[in-house]
Amino acid sequence: MDLLSSLNEAQQQAVLHFEGPALVVAGAGSGKTRTVVHRIAYLLRERRVYPGEILAVTFTNKAAGEMKERLEKMVGGLAGDLWVSTFHSAALRILRVYGEWVGLKPGFVVYDDDDQGTLLKEILKDLNLEARPGQFRAVLDRIKNRLGGVGEFLREAPDFVAGVPKEQAAEVFHLYQKALRGQGAVDFNDLLLLAIELFEEHPEILAKVRQRARFIHVDEYQDTNPVQYKLTRLLAGEKPNLVVVGDPDQSIYGFRNADINNILSFTKDYPGAKVFRLEANYRSTAAILEVANAVIEKNTARLEKTLRPVKGGGEKVRLFRAPNAREEAAFVAREIARRGSFGQIAVLYRTNAQSRLLEEHLRRAGIPARLVGAVGFYERREVKDLLAYARVAVNPLDTLSLRRIVNTPPRGIGASTVGKLLEYAQKQGISALEAFRHAQQVISRPQQVEAFVRLVDDLIEAAYDTGPREFLKRVLEETGYLETLRAEPDGEERIANVEELLRAAGDWEEEVGGTLADFLDTIALTASAEEPAKRVQDGKLEDPEAGGDEVTLMTLHNAKGLEFPVVFLVGVEENLLPHRNSLSRLEDLEEERRLFYVGITRAQETLYLSYAEEREVYGKREYTRESRFLADVPPELLEEVSAFGSAGAAVVIRPAKVEEKKPLGAFKGGEKVRHPRFGQGTVVAALGAEVTVHFPSVGLKKLAVQFAGLERID
DNA sequence: GAATCCGCAGTTTTT
DNA sequence: CTGCGGATTC
């Protein structure tokens, strides 16, 4: 297959880039992944680069999987040796090999946000600090995500953070780190920080890894944080063959310390970097793109870029003003019912809390829907309980997990017993499990604890030679956990979740394979958005692949990178989009605007915007008004619809003819044409009455369709 | 030690 | 409104 012929001029240029740094500014729907995949194939085929020298970093495991799949299709078996991974997975993989060089214990586990929160809460409680754990986690993340560490934090933070003096916050941070390491655990941020530490202290290891990453691609570069930036720099080295791909207009993870400046100043950070701009948009109609462009133009933190439609014309954007959130949801359900073909439709919102009403109305209307990434599957209590058994078996030092399972299901080992045993552990300087072994010296009725220790020892033994599925089944058998669940109010659903976990474990064994410890690693690095989606119809978890014709519900953040023929973007109102917590700072407001932009650019054909003038927040009624961002939508591209009308179909209040404001003529991107003077060429983009054509003879030309006298060649 | 009840805080987004 | 933690009761 020809690597270039199916690409437009800008994409080709990017693909042909060989050595040195390059920035690919890839607008929404501009064929970004395609370009990266083709470039890798080009390196392999035309430049004779070994697959074992190429690293591609993506933002999610899902994206990594998709890229790998596409590469396999293009280059076949060679793809097996490529390194395609997220930052975190890559770091973990390195630390599994070299972790001991930076003080990690062999079986260390990765704590997720939940565990991080639990640990933090305990420390705060021990110190009698009245701080909000939620806020405190943000502080912790900040310290860990911005390189400067505690020193910088103490220098630059205000005197009080999360309700406590910053010196005390720093103390909590130290205790937290100590507790983590003490039980052989690392958190998400540690993965990257320790990788950096490893590289800086052991240049020989860095040199080795660099061999494996002579050509580096970083996708979604606009979402990298300072730590990831540093890691990239280290890997790229003195002579960086580094291609970063991204779109500052889609930078929406600032709250997680992603720094949009990483992409904005790439050409300064990497002198001599080439810049390629992918602006031809293959996804959306001209109308939708014009709206998107008009909205994002208002931002200041940008790289100049305008999306150019390949598709023509299109319907106007529809706006529905609902008297309240209930009516808004009802409108969405009615419109969807009217349209049919649910699989093409997505409903996007700013906050997860908004999904509830929508779910309810869709269910009532009998519309099948799937909820992406809401209540994390791996965050459910019953799932975490079972996995805690696995974690203890793999890493007996994991006290957090040990405490979780010690009385789950209830086996007569209550809080006071555990308290005594932990105190003993502390005093003796031994691990919690060791203290459990000495139960008869500590408590008066040690039988239950002794039985529990036997169970744990059995499981530790089993963990050596048992796959995840069988291991989990064994836990169920030996603990009688299922029976306990059955007695609970929503036991049936919980049991279904347990079954789903077993199924997931079985699938993993088939598709990936490995030890129980590997399985835990996979789970730790899987984001909720990548999990099996939740079916709204029956409330149970099912295989997302199994379904087909379902409406997709998700947050704007989760929608990045996806596209749908029909998109409903709901809650376009003040305090929600932009969110109330983002109103005071300009940077935050701009990020909210980018979120709006991301939402708009998900739509291929039809875009609905809606908001509610009244909405219940925490059961309290609140009044709101339309989002300030709506003012930036060109009025002539907006069409207001009403809920009233026969059969409940949306009725256009101000019917305006859907004029083809920018007729595209007959040309489409990729088509071959002949020009009277320039000869044969390929259409790169068609924007309104103007087409951009690449001619081998003279390069890129912008031509007016009307006058150019272009002829299509078949 | 376990079960039940009450009060209050929390929801912005997540690798 | 929900879910969690703490207090109260069995």
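Predicted, not measured: the structure shown is a model, and the values here were computed from it. Convention: sequence-line order gives letters A, B, ...; per-chain numbering from 1. Reckoned from all heavy atoms, side chains included, excluding hydrogens, waters and symmetry mates.
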- Return yes if some donor-acceptor pair links the side-chain N/O of A:R181 with the main-chain N/O of A:A185 below 3.5 Å, else return no. yes

Take atom [atom1] of [X] and atom [atom2] of [N], then tell me their distance rounded to the nearest Å.
{"X": "A:R404", "N": "C:dC4", "atom1": "CZ", "atom2": "P", "value": "10 Å"}
{"X": "A:N581", "N": "B:dG10", "atom1": "CG", "atom2": "C1'", "value": "11 Å"}
{"X": "A:L525", "N": "B:dT14", "atom1": "CG", "atom2": "P", "value": "17 Å"}
{"X": "A:E122", "N": "C:dC4", "atom1": "CD", "atom2": "P", "value": "16 Å"}

- For A:F255 and B:dT13, say yes or no: do the ring centres fall under 5.5 Å of each other while the ring planes differ by less than 30°? yes

- Has A:H579 got its ring stacked on the base of B:dT12, with centres under 5.5 Å and planes less than 30° apart? yes

- For A:N407, which contact category applies under a 4.0 Å heavy-atom criterion: base, sugar-phosphate, or nothing? sugar-phosphate

- Task: Look at all strands and tell whether A:K121 reaches a base, only sugar-phosphate, or nothing, counting heavy atoms closer than 4.0 Å.
- Result: sugar-phosphate

- Report yes if at least one side-chain N or O of A:N352 is closer than 4.0 Å to OP1 or OP2 of B:dT13; otherwise report no. yes

- If you draw a 6.0 Å radius around CD in A:E423, do more than 12 non-hydrogen atoms from other residues or ligands fall strictly inside? no

By nearest atom, which of the nucleotides [options] is closest to the [X] side chain?
{"X": "A:T555", "options": "B:dA2, B:dT14, B:dT12", "result": "B:dT14"}
{"X": "A:T417", "options": "B:dA2, B:dG1, C:dT2", "result": "B:dG1"}
{"X": "A:H557", "options": "C:dT2, B:dT11, B:dT13", "result": "B:dT13"}

- May I ask you to say whether A:R96 pairs ionically with A:D521, meaning some side-chain N is under 4.0 Å from a carboxylate O? yes

- Inspect the contact between A:D249 and A:R594 and indicate whether a charged nitrogen and a carboxylate oxygen are less than 4.0 angstrom apart. no

- Mind checking the C1' distance from C:dG6 to B:dT11? Whole angstroms is fine. 23 Å

